[in-house]
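Beneath this line is the structure, given in structure tokens, with notes to follow.
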Amino acid sequence: MKTRICIIGAGPAGLMLGHLLRSEGVDCVVLERAGPDYVLGRIRAGVLENVTVDIMARLGLDARLRAEGLVHDGFNLAYGERLIRIDIAALTGKHVVVYGQTELTRDLMEAREARGLEVVYEAADVALHDVGSDAPYVTYAKDGRMHRIDCRFIVGCDGFHGPSRKAVAAVAGQAFEKVYPFGWLGILADVPPCNHELIYANHERGFALASMRSETRSRYYVDVPVTEKVEDWPDERIWDELAIRLGPEAAAHIVRGPSIEKSIAPLRSFVFAPMRHGSLLLCGDAAHIVPPTGAKGLNLAASDVLYAAEALLAFFKRGDGDAIIGYSDKALARVWKAERFSWSLTRLMHRFPEDGPFERAMQVAELDYIASSRAAQTAIAENYVGLPV
Ligand code: FAS
Ligand code: PHB
């Protein structure tokens with residue numbers, strides 16, 4: 001088979017990119033290791049920046065997002081008895097939209113046939129070949145035989161564990177990594193949220209986050225040591241811990257119910273640079289990972305995809321290869337700022353095992369400063385809504 005672009009991975013990045021290319025009449029094929037149900041079954045991001053909402057609007061796939069997404073003008077930082085509301089609308093003139101990554105992926109997935117986007121699910125043993133040449137190709141196994149796709153570009157949207165980044169010789173790129181000593185234990189339950197806006201809490205027992213998917217479905221997290229197993233956390237233990245860490249005001253409004261999903265996600269900060277190697281471009285988690293504290297992961301994938309689509313469309317529609325050459329620098333400029341914000345908010349809102357009284361005093365001092373400074377709140381707000389693309 002021959003196509004212009006082979007996209008590896010049908011998560012949000014791969015599907016957004018595929019739709020953007022097809023909407024401009026550029027041929028591409030998406031290869032996905034798993035089946036559609038598996039991809040939809042992974043409960044992940046919940047907060048969308050404008051860049052992500054705008055891509056869905058540009059594709060005309062934002063009807064459900066606009067009908068069901070919750071517009072949030074602010075979020076809260078809790079510590080001790082104190083609650084700091086970051087009024088993102090007043091401070092930036094922008095807002096965020098709470099709409100689950102699962103639903104966004106579903107919207108993209110369900111439109112693929114009508115939009116002529118070819119997605120090959122259950123493509124096994126995907127391998128990238130000759131990525132440094134102008135004629136790369138991809139092989140994969142399906143229905144008991146090997147297949148080959150010849151293309152001009154490969155875009156790796158295959159997440160942190162996919163083959164794309166690994167197809168780049170380690171010497172051709174540099175990995176920057178920080179692994180955190182805790183993970184986030186997340187619970188999804190069909191109960192109303194305890195608060196109409198998100199609450200990030202720094203408590204002496206640890207971090208907690210009260211989020212949501214709708215007015216009847218809540219998403220909560222507590223941080224746990226990476227050694228913890230989800231089976232050691234029955235629902236009641238999670239609800240008890242949330243009530244303590246979120247504080248009495250929020251606790252009074254927590255509605256408990258059975259979890260419909262429960263998992264522990266490890267936290268890491270990771271960047272692999274550059275994000276282009278010959279005819280291979282990397283997008284999203286294939287190139288970088290952020291701790292979910294700043295709600296940046298999915299939204300960074302969206303800005304990468306926007307830049308990659310612009311570069312590929314310039315190449316195929318105008319014969320202009322400059323944007324392809326400039327893709328990595330442009331994407332990384334935004335990636336590094338989001339990495340910094342996510343790391344700094346994680347540092348501020350979590351208890352690190354190695355922290356002593358001084359580090360704790362620094363956290364309290366920074367939170368007190370944020371509580372008293374419009375400038376400090378503005379800095380947080382403009383990063384949270386998403387820096388310009
Ligand atoms: P994805 O990982 O979503 O998609 C990659 C796709 O490639 C998958 O469908 C995978 O099956 C496929 N793939 C992998 N290997 C392949 C192969 N060999 N061949 C073919 N296909 C292959 N972000 C937030 O903003 N907030 C959050 O709360 C949050 N929580 C998260 C929790 C977890 C457990 C994880 C892992 C991530 C979380 N993230 C969160 C980040 C997450 O939302 C990502 O940023 C987002 O999924 C990025 O999208 P993609 O780059 O498309 O990668
Ligand atoms: C979520 O709702 O899953 C969510 C929201 C905000 C974050 C992380 C996760 O920072």
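Values below: all heavy atoms of this structure, side chains included; hydrogens, waters and symmetry mates excluded. Remember, it's 1-based here, ligands and their atoms both numbered in the order they're listed.
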Can you report which non-hydrogen protein atom sits closest to atom 50 (P) of ligand 1, along with the distance?
Ala13 CB, 3.9 Å
Aromatic ring proximity, centroids under 6.0 angstrom, Phe272 and His277
yes
Nearest protein heavy atom with distance in Å, relative to atom 9 (O) of ligand 1:
Glu32 OE1, 2.7 Å
Check Val126 against ligand 1 and report side chain, backbone, both or neither, counting heavy atoms closer than 4.0 Å.
side chain
Over 12 non-hydrogen atoms of neighbours within 6.0 angstrom of CD in Glu113:
no
Should Arg245 and Glu241 count as an ion pair when the cut-off is N to O under 4.0 Å?
yes
Parallel, tilted or perpendicular: which fits the ring planes of Trp336 and Phe176, with parallel below 30° and perpendicular above 60°?
perpendicular
For ligand 1, is there an atom lying under 4.0 Å from some heavy atom of His161?
no
For ligand 1, is there an atom lying under 4.0 Å from some heavy atom of Tyr140?
no
Glu24, CD atom: more than 12 neighbouring heavy atoms under 6.0 Å:
yes
Do any nitrogen or oxygen atoms of Trp184 come within less than 3.5 Å of a nitrogen or oxygen of ligand 1?
no
Please find out if less than 6.0 Å separates the ring center of Phe315 from that of Phe153.
yes
The answer for which part of Leu31 has a heavy atom under 4.0 Å from ligand 1 is backbone
What is the closest protein heavy atom to atom 3 (O) of ligand 1, and at what distance does it sit?
Arg44 NH1, 2.8 Å
Do any nitrogen or oxygen atoms of Ala10 come within less than 3.5 Å of a nitrogen or oxygen of ligand 1?
no
Is the distance between the ring centroids of His129 and Tyr137 under 6.0 Å?
yes
Give the atom numbers and elements of ligand 1 that come within less than 4.0 Å of a heavy atom of Ala295.
25 (O)
Look at atom 5 (C) of ligand 1 and say which protein heavy atom is nearest, naming residue and atom and giving the distance to 0.1 Å.
Cys157 O, 3.4 Å
Could you identify the single nearest non-hydrogen protein atom to atom 51 (O) of ligand 1 and state the distance to 0.1 Å?
Asp285 N, 3.0 Å
Charged N to carboxylate O below 4.0 Å: is that the case for Arg152 and Asp27?
no
Under a 4.0 Å N-O cut-off, is there an ion pair linking Asp240 with Arg256?
yes
Subset of ligand 1 atoms that lie under 4.0 Å from at least one heavy atom of Gly11:
4 (O), 6 (C), 9 (O), 52 (O)
Quick check on contacts: which atoms of ligand 1 are under 4.0 angstrom from a heavy atom of Gly284?
51 (O)
closest protein heavy atom to atom 43 (O) of ligand 1 is Gln101 OE1, 2.5 Å
Polar atom proximity, Leu298 to ligand 1 (N or O, under 3.5 Å):
yes
Would you say Tyr38 and ligand 1 have an N/O pair spaced under 3.5 Å apart?
no
For the pair Glu359 and Arg351, find out whether any cationic side-chain nitrogen is under 4.0 Å from an anionic carboxylate oxygen.
no
Considering heavy atoms of the protein only, find what lies nearest to atom 23 (N) of ligand 1 and give residue, atom and distance to 0.1 Å.
Ala45 CB, 3.6 Å
Residue part near ligand 1, for Tyr221, under 4.0 Å between non-hydrogen atoms:
side chain
Within a reach of under 6.0 Å around CD of Glu81, are more than 12 heavy atoms found that belong to other residues, nucleotides or ligands?
no
Provide, to 0.1 Å, the distance between atom 49 (O) of ligand 1 and the closest protein heavy atom, together with that atom's residue and name.
Pro12 CG, 3.5 Å
Ring-plane angle category for His147 and Tyr140, please: parallel below 30°, perpendicular beyond 60°, tilted otherwise.
parallel
Do Glu177 and Arg268 meet the salt-bridge criterion of a basic N to acidic O distance under 4.0 Å?
yes
Taking only heavy atoms of Gly159 into account, list the atoms of ligand 1 that are under 4.0 Å away from them.
2 (O), 5 (C), 53 (O)
Numbering the atoms of ligand 1 from 1, which are under 4.0 Å from a heavy atom of Lys296?
25 (O)
Return yes or no for this condition: an N or O of Val39 is under 3.5 Å from an N or O of ligand 1.
no
So, Glu197 and Arg85, do they make that salt bridge, N to O below 4.0 Å?
yes
What atoms of ligand 1 come closer than 4.0 angstrom to any heavy atom of Pro292?
27 (C), 28 (O), 29 (C)
List, by chain and number, the other hydrophobic cluster members for Leu246, where Ile, Leu, Val, Met, Phe, Trp and Tyr join if side-chain heavy atoms come within less than 4.5 Å, directly or indirectly.
Leu83, Leu185, Ile187, Val191, Ile199, Tyr220, Val222, Val224, Val230, Trp233, Ile238, Trp239, Leu242, Ile254, Val255, Ile264
Look only at interatomic distance and state if Asn299 has a nitrogen or oxygen under 3.5 Å from any nitrogen or oxygen of ligand 1.
no
Check: Leu128 and Pro136 side chains under 4.5 Å, non-hydrogen atoms
no
Go through ligand 1 atom by atom and flag the ones less than 4.0 Å from a non-hydrogen atom of Gly162.
15 (N)
Identify every side-chain donor-acceptor pair in residues 69-77 under 3.5 Å, counting partners at least two apart or on other chains, and give the distances.
| residue | atom | partner | partner atom | Å |
| --- | --- | --- | --- | --- |
| His72 | NE2 | His196 | O | 3.3 |
| Asn76 | ND2 | Leu198 | O | 3.1 |

Using heavy-atom distances, let me know which of Met16, Arg42, Arg33 sits nearest atom 8 (C) of ligand 1.
Arg42
Contacts of Glu249 that satisfy side chain to side chain contact (heavy atoms under 4.5 Å, CB included) - sequence neighbours left out:
His253
Could you list each nitrogen or oxygen of ligand 2 that sits under 3.5 Å from a protein nitrogen or oxygen, with the atom names and the distance?
| residue | atom | partner | partner atom | Å |
| --- | --- | --- | --- | --- |
| ligand 2 | 2 (O) | Ser211 | OG | 2.6 |
| ligand 2 | 2 (O) | Arg213 | NH1 | 2.7 |
| ligand 2 | 3 (O) | Arg44 | O | 3.3 |
| ligand 2 | 3 (O) | Arg213 | NH2 | 2.8 |
| ligand 2 | 3 (O) | Tyr221 | OH | 2.6 |
| ligand 2 | 10 (O) | Tyr200 | OH | 2.8 |
| ligand 2 | 10 (O) | Pro292 | O | 2.6 |
| ligand 2 | 10 (O) | Thr293 | O | 3.2 |
| ligand 2 | 10 (O) | Ala295 | N | 3.4 |

Among Phe352, Trp184, Tyr221, ring pair (Phe, Tyr, Trp, His ring centres under 6.0 Å) partner for Phe207
Trp184
